[in-house]
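Down below is the structure, laid out as structure tokens.
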Amino acid sequence: MNNYLTHLSDLGIIEITGSDAPEFLQGQFTCDISDIKNHQSRFSAWCNAQGRVICSFLILRDNDRYLLMLPEVLIATVSTRLKVFVLRAKVGLTTRSRQYFCTGISGYDANDIADRLNNTGSQREPVLQAAVSPFETGRTILLIPSDTLDSYHSRLASAGLQLSDHQAWKIADIEAGIAWIYPQTNGELMPQELNLERIGGLSYNKGCYPGQEIIARLHFRGRQKRRLCYGYLESSYAEMQIGAKLHAGAESSIVAGIIINSVRESRDMVRILAVIDIDQAGTNTVVTENGQPLHFTPFPYQTDIS
């Protein structure tokens with residue numbers, strides 16, 4: 001099996017440090033920060049007071065600091081907004097997008113190759129590794145110090161990793177149900193609708209954080225109406241925009257879902273990640289705003305690992 005590396009230049013990094021950082025993050029994010037061991041990562045979210053997701057991110061613990069990876073387009077907004085809640089806590093928030101570069105590696109041997117290079121390398125600052133999802137073993141995001149980026153990429157290439165385009169990585173994200181939030185969907189969705197509790201990104205036992213009461217009420221009263229689904233559109237010309245609304249039939253004005261992400265896989269196929277009304281998932285009646293049929297399937301994983 002081939003191994004690949006992908007430049008993830010659309011991801012930025014926020015570093016959170018300080019003696020109060022674990023407690024501060026525990027009171028802000030949906031995952032249980034205390035469960036993240038050193039050099040472990042977890043997909044999670046930050047919500048507003050209404051329980052709607054402001055951003056989703058991959059959080060990596062590196063000794064006494066935490067690194068958030070999220071779309072670069074949201075870095076400035078999220079960093080500024082998070083700082084408002086620091087108050088007198090001993091917490092530092094710093095944008096590190098210029099100091100580190102995110103590189104995706106994938107393939108059967110990719111993680112072993114990265115481990116071997118890190119253990120034998122001479123770089124002054126180590127390359128950090130963040131698992132994308134607990135359900136994937138073949139993909140990892142490397143945080144490579146910018147001053148060693150070219151040399152490290154050369155070493156990866158020498159070890160057999162082939163350069164892959166970003167499109168293939170985004171398709172893998174869609175197939176794995178990795179729901180990155182962008183400005184078009186900011187503040188639109190509940191974390192359960194992104195399946196976060198099913199990949200360890202949402203805890204109901206950790207205590208208070210923004211929107212926690214509303215999120216818990218949705219869970220314990222069992223009134224969730226929408227869920228994350230994977231789908232496709234057979235079309236050679238349509239481009240699905242993030243945030244585009246979907247409808248419950250060609251003649252219906254009822255909104256049945258919202259596009260989270262989409263990628264053209266081929267001339268005649270667009271892969272789609274969307275949040276869909278539960279009673280519409282799997283019916284093949286959902287259509288785009290201009291009436292094109294979409295085909296959706298709920299994700300198979302059911303286990304809550306939080």
Side-chain angles (χ1 to χ4, degrees), residues 6-17 21 24-33 36 40-48 51-62 65-86 91-104 128-134 136 139-144 146 166 169-170 172-174 176-191 193-196 199-202 209-211 228 242-243 258-263 273 275:
T6 306
H7 301 312
L8 303 180
S9 56
D10 62 324
L11 292 181
I13 299 170
I14 299 174
E15 178 189 70
I16 303 174
T17 58
F24 171 73
L25 298 179
Q26 186 77 321
Q28 295 295 326
F29 298 157
T30 57
C31 71
D32 192 336
I33 296 297
I36 303 177
Q40 286 186 347
S41 57
R42 184 81 48 100
F43 202 72
S44 186
W46 187 38
C47 299
N48 61 24
R52 305 285 174 168
V53 176
I54 298 169
C55 66
S56 57
F57 52 85
L58 192 63
I59 180 170
L60 170 68
R61 179 182 171 187
D62 178 40
R65 65 174 178 165
Y66 296 82
L67 298 165
L68 308 186
M69 287 155 273
L70 64 152
E72 177 66 39
V73 68
L74 286 175
I75 286 287
T77 299
V78 170
S79 179
T80 300
R81 194 165 175 177
L82 262 178
K83 288 177 181 178
V84 172
F85 295 92
V86 171
V91 173
L93 281 81
T94 309
T95 299
R96 292 296 188 190
S97 301
R98 294 182 181 274
Q99 284 72 40
Y100 292 97
F101 188 88
C102 293
T103 295
L128 303 173
Q129 298 177 233
V132 178
S133 162
E136 289 189 277
R139 288 201 307 153
T140 298
I141 295 178
L142 303 180
L143 280 70
I144 305 174
S146 297
H166 200 184
W169 186 271
K170 291 177 70 175
D173 273 348
I174 288 174
I178 304 300
W180 297 103
I181 293 297
Y182 292 91
Q184 300 94 320
T185 48
N186 178 295
E188 291 274 343
L189 302 160
M190 303 288 288
E193 294 172 339
L194 302 177
N195 285 3
L196 285 186
I199 58 174
L202 172 60
Y209 55 89
L228 194 69
I242 296 173
I258 183 173
I259 297 292
I260 302 300
N261 210 342
S262 73
V263 183
L273 188 66
V275 170

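We number each residue from 1, following the sequence as shown.
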Could you pull out all residues at least two apart from Arg96 that satisfy salt bridge (Lys or Arg N to Asp or Glu O under 4.0 Å)? Glu15
Sub-3.5 Å donor-acceptor pair from the side chain of Arg52 to the main-chain atoms of Glu188, do we have one? yes
Which residues share a side-chain hydrogen bond (donor to acceptor under 3.5 Å, both in side chains) with Ser44, sequence neighbours left out: Thr30
So side-chain hydrogen bond (donor to acceptor under 3.5 Å, both in side chains) across residues 69-85, not counting sequence neighbours, yields Glu72-Ser97
Can a salt bridge be assigned to the pair Asp173 and Arg139 using a cut-off of 4.0 Å between side-chain N and carboxylate O? yes
What is the minimum heavy-atom distance between Ile181 and Cys55, and which atoms define it? CB-CA, 4.2 Å
Smallest heavy-atom separation, Ser133 atom then Ile178 atom, equals CB-CD1, 3.9 Å
At their closest point, which heavy atom of Leu58 faces which heavy atom of Phe43, and how far apart are they? CD1-N, 3.8 Å
Using the ring pair (Phe, Tyr, Trp, His ring centres under 6.0 Å) criterion, which residues pair with Trp169? Sequence neighbours excluded. none
Only counting residues at least two apart or in another chain, list the ones meeting side-chain contact (heavy atoms from CB on, under 4.5 Å) with Ala131. Ser41
How long is the straight-line distance from CD1 of Ile33 back to CZ of Phe24, given to the nearest 0.5 Å? 10.5 Å
Which value, rounded to the nearest 0.5 Å, describes the distance between Ile14 atom CD1 and Thr95 atom OG1? 5.5 Å
For Asp62, which residues count as a salt bridge (Lys or Arg N to Asp or Glu O under 4.0 Å) partner, sequence neighbours excluded? Arg65
Give a yes or no on whether the backbone of Ala179 and the side-chain of Ser56 come within a donor-acceptor separation of less than 3.5 Å. yes
Which pair of heavy atoms, one from Ile75 and one from Gly12, lies closest together, and at what distance? CD1-C, 3.5 Å
Quick check: closest heavy atoms across Gly177 and Leu273, and the distance to 0.1 Å? CA-CD1, 4.1 Å
Closest heavy-atom pair and its distance - Ile36, Cys31: CD1-SG, 4.1 Å
Please test Leu82 against Phe29 for side chain to side chain contact (heavy atoms under 4.5 Å, CB included), starting from the C-alpha separation and ending with a verdict. CA-CA 11 Å; Leu82 262 178; Phe29 298 157; 4.1 Å; yes
